[in-house]
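A short write-up of the structure that comes next.
Here is how names work: the chains are called A, B, and so on, in the same order as the sequence lines, proteins then strands, and each is numbered from 1. Because the structure is predicted, anything quoted here is derived from the model rather than measured.
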Amino acid sequence: GAGVSQTPSNKVTEKGKYVELRCDPISGHTALYWYRQSLGQGPEFLIYFQGTGAADDSGLPNDRFFAVRPEGSVSTLKIQRTERGDSAVYLCASSLGYGSNEQFFGPGTRLTVL
Amino acid sequence: AQTVTQSQPEMSVQEAETVTLSCTYDTSESDYYLFWYKQPPSRQMILVIRQEAYKQQNATENRFSVNFQKAAKSFSLKISDSQLGDAAMYFCASHEYNFNKFYFGSGTKLNVKP
């Protein structure tokens, strides 16, 4: 199964809670991207990893959002003190790395904050 | 940074007919790529077609082709012989080579009528 996988596929939480969203990229892909897609909108860039380091985190909306990729493979997007406005689909994508322009997307995690 | 604009929130086409989806972008970069992605209700983003900015020839993929007007910063998608399975959200996107970032438009919902 060579595609990008994301877990969970759906997450319902209460306002103020902490959530973690996981992304498993395609093996060998060094670049990993997180996007947030609100209803009726296009994906909005959050953060981009090249290997283990965050090459660009300029899209993270505030300090409640944090992402890690400790071993250069799996990545976790962490949201603290969730708010209703955080409700969206969170998409992950991976690519071969710098210079590669073909992204492969996962199916996304739909986060609902009640 | 780049901006990508899709001015058609929704389009409809009769099965077997041709439809064109519009996209404009703004960039100061000289090296970039442009994409059209399809997103069905399953949320899985699927690459439809890709265009290198330095190539003058318009990309084609079977029933899908683009009209790339570099000077006008326009990148439209033409779908010929539309099929029911083409119904989905379509997103135009750009990739900045130097920053390895992707930017998406707000999408066009395509309805295909039998």
Side-chain angles (χ1 to χ4, degrees), chain A residues 1-11 21 23 26 29-51 53-60 88-112, chain B residues 1-10 21-25 27 29-55 59 61 75 77 88-110:
Chain A
V4 178
S5 62
Q6 292 185 247
T7 54
S9 58
N10 289 283
K11 175 71 176 179
L21 311 179
C23 173
I26 292 173
H29 280 194
T30 62
L32 185 145
Y33 302 81
W34 282 101
Y35 297 90
R36 178 168 67 178
Q37 187 175 21
S38 300
L39 190 63
Q41 298 296 315
E44 173 193 4
F45 170 80
L46 295 177
I47 187 170
Y48 151 53
F49 287 91
Q50 181 60 47
D56 187 336
D57 64 357
S58 61
L60 295 177
V89 173
Y90 289 81
L91 295 170
C92 176
S94 69
S95 75
L96 280 171
Y98 188 83
S100 171
N101 57 66
E102 186 166 6
Q103 289 185 109
F104 296 82
F105 282 85
T109 294
R110 181 179 298 280
L111 175 66
T112 302
Chain B
Q2 298 193 3
T3 57
V4 179
T5 303
Q6 293 179 250
S7 58
Q8 304 155 315
E10 190 165 357
L21 308 184
S22 301
C23 172
T24 58
Y25 62 95
T27 180
E29 299 294 321
S30 59
D31 196 356
Y32 58 93
Y33 286 74
L34 299 166
F35 307 84
W36 280 97
Y37 283 90
K38 172 184 177 182
Q39 187 180 42
S42 66
R43 302 198 305 244
Q44 186 76 51
M45 295 281 275
I46 302 163
L47 178 64
V48 174
I49 197 165
R50 169 175 46 194
Q51 174 79 43
E52 294 92 335
Y54 64 86
K55 286 189 176 178
E61 287 287 343
F75 183 62
L77 174 70
M89 286 292 293
Y90 285 81
F91 293 97
C92 180
S94 66
H95 174 253
E96 282 184 336
Y97 180 85
N98 286 335
F99 299 98
N100 207 18
K101 288 178 71 168
F102 294 81
Y103 300 88
F104 287 82
S106 56
T108 297
K109 182 180 180 183
L110 179 65

Subject >> chain B contact via A:Ser58 - which portion, at a heavy-atom distance below 4.5 Å >> reply: side chain
**OP:** Check each atom of A:Tyr35 against the heavy atoms of chain B and say whether the ones under 4.5 Å are side chain, backbone, both or neither.
**Re:** side chain
Is [X] close to chain A through its backbone or its side chain, or both, or neither, when contacts mean heavy atoms under 4.5 Å?
X       : answer
B:Ser42 : backbone
B:Gln39 : side chain
B:Arg50 : side chain

Subject >> Pairwise side-chain contact, A:Cys23 with A:Trp34, heavy-atom cut-off 4.5 Å (strictly under) >> reply: yes
Subject >> Stepwise ring-ring contact (aromatic ring centres under 6.0 Å, His included) test for B:Tyr32 and B:His95 >> reply: CA-CA 5 Å; B:Tyr32 58 93; B:His95 174 253; 9.9 Å; no
**OP:** If the plane angle is over 60° it's perpendicular, under 30° parallel, otherwise tilted; pick one for B:Tyr37 and B:Phe104.
**Re:** tilted
Original post:
Is there a donor-acceptor pair closer than 3.5 Å between any side-chain N or O of A:Arg36 and the backbone N or O of A:Glu44?
Top reply: no
**OP:** Under 4.5 Å, counting heavy-atom pairs only, tell me which of A:Pro43, A:Ala55, A:Gly40 racks up the most with chain B.
**Re:** A:Pro43
Subject >> B:Glu96 with B:Lys101: basic N within carboxylate O range, under 4.0 Å >> reply: no
